[in-house]
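Below you'll find the structure, written out as structure tokens, and then a few comments.
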Amino acid sequence: MPQPHLYELVRSVLIFLHLACLIAAGISIAFGDYAILRHRPVNRALMLKASRAVAWSLLALWLTGLSVIALDMSTIALSLAKAPKLQAKLTVVAILSLNGFLLHRYTLHALGESKIPAESDVRLAAILGAVSAASWGYAVFLGVAKAWTPILGFNGFMALYVLAVLAAIAVSLRWVRPLLLDHSPLGTPNARAHARNDGMAAEDLNAAMG
């Protein structure tokens, strides 16, 4: 019985680690969603722990994924220019990484603060969350989409990705955004009363000035 090549052994270990990181990222994302959507107000401590876990998992995914690519390039002469699915996956993961930075930097802290976030913060969180969900799902699809490569190519894969992101944003603004509003300090009864009072005060002021 022929012995497996060292290349195959190393590659199988890297693929296993890559999948383990993907599972870890999925679990962390689930905990983050739980902290945001199942607590009122948002469980800030759990949300930030989950966010950090996702960031470390994403870093590990980059390291293991790039290691597999480097190994393939050095052993089977893989050419990135002739691998449209791989190009699409790297593009999607790059967008995912940038989106994750924006999500953590500009929205998660706003949702978890004790002060009332602006409604624009909640809307941005819904949009960035939709891009994140669509990107993660599409990256997984690209991992098993070898049969689609001759049909779609790079442009086809990216066009399908754009459609997936737009659909996710539409769903998020329609159904997820109200949940975010309800589970943030902006959705508490006192906050809603405060917002109504501010609105009435503004109307009275406008009427007086008119």
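No hydrogens, no waters, no symmetry mates; every other heavy atom, side chains included, goes into these values. Bear in mind that the values here come from a model prediction, so they are computed numbers and not experimental data. Along the sequence shown, residues carry numbers from 1.
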- Item | Joint hydrophobic cluster, Phe154 plus Leu152, side-chain heavy atoms closer than 4.5 Å | yes
- Item | Rounded distance (nearest 0.5 Å) linking atom CD of Glu119 with atom CG of Leu180 | 11.5 Å
- Item | Derivation of the side-chain contact (heavy atoms from CB on, under 4.5 Å) call for Ile69 and Leu66 | CA-CA 5 Å; Ile69 294 172; Leu66 291 177; 4.3 Å; yes
- Query: Just wondering, more than 12 heavy atoms not from Lys85 lying within 6.0 Å of its NZ?
  - Reply: yes
- Query: Will you find, in the side chains of Ser97 and Trp62, an N or O donor that is under 3.5 Å from an N or O acceptor?
  - Reply: yes
- Query: Taking atom CG of Leu58 and atom CG of Leu63, what is their separation to the nearest 0.5 Å?
  - Reply: 10.0 Å
- Centroid separation Tyr138 to Phe141 less than 6.0 Å: yes
- Ala164 to Ala134 - nearest heavy-atom pair and separation: O-CB, 3.9 Å
- Item | Within-4.5 Å side-chain heavy-atom neighbours: Leu160 and Trp148 | no
- State, to 0.1 Å, how close Gly143 and Lys89 come at their nearest heavy-atom pair, and which atoms those are. CA-NZ, 4.1 Å
- Query: Taking only residues two or more places apart in sequence, or in another chain, which ones meet Ile169 in a side chain to side chain contact (heavy atoms under 4.5 Å, CB included)?
  - Reply: Ile127, Ala130, Val131, Val165, Leu173
- Query: Going hydrophobic residue to hydrophobic residue with side-chain gaps under 4.5 angstrom, can you get from Leu142 over to Met158?
  - Reply: yes
- Query: Do the side chains of Leu86 and Leu22 join up, straight or via other hydrophobic residues, at under 4.5 Å, putting them in one cluster?
  - Reply: yes
- Query: Taking only residues two or more places apart in sequence or in another chain, which ones pass side chain to side chain contact (heavy atoms under 4.5 Å, CB included) with Leu124?
  - Reply: Tyr106, Thr107, Leu128
- Query: Out of curiosity, Leu17 CG to Ser67 OG, how far, rounded to the nearest 0.5 Å?
  - Reply: 9.5 Å
- Is Tyr34 linked to Ile27 within one hydrophobic cluster, defined over Ile, Leu, Val, Met, Phe, Trp and Tyr using a side-chain heavy-atom separation of less than 4.5 Å? yes
- For Ser172 and Ala168, indicate whether the former's side chain and the latter's backbone hold a donor-acceptor pair under 3.5 Å. no
- Shortest non-hydrogen separation from Met73 to Leu80 and the atoms involved: CE-CB, 3.8 Å
- Task: Please answer: with hydrophobic residues joined when any side-chain heavy atoms are less than 4.5 Å apart, are Leu48 and Leu37 in the same cluster?
- Result: yes
- For atom OH of Tyr7, decide whether the heavy atoms of other residues, nucleotides or ligands shown that lie under 6.0 angstrom number more than 12. yes
- Item | Min side-chain heavy-atom separation Val93-Leu61 under 4.5 Å | no
- Leu71 and Thr75: which non-hydrogen atoms are nearest, and at how many Å? O-OG1, 2.6 Å
- Task: Could you check Val68 against His18 for side-chain contact (heavy atoms from CB on, under 4.5 Å), going step by step and ending with a plain yes or no?
- Result: CA-CA 9 Å; Val68 172; His18 194 69; 5.7 Å; no
- Message: Within this structure, what is the OG1-OH distance for the pair Thr91 and Tyr161, rounded to the nearest 0.5 Å?
- Response: 9.5 Å
- Item | Closest non-hydrogen atom pair between Trp136 and Ala25, with its separation | CH2-CB, 3.6 Å
- Task: Drop me the distance from Lys82's NZ to Thr149's OG1, to the nearest 0.5 angstrom.
- Result: 15.5 Å
- Task: Measure the SG-CH2 distance between Cys21 and Trp56 for me, rounded to the nearest 0.5 Å.
- Result: 12.0 Å
- Non-hydrogen atoms of Gln87 and Ala81 that approach each other most closely: NE2-O, 3.2 Å
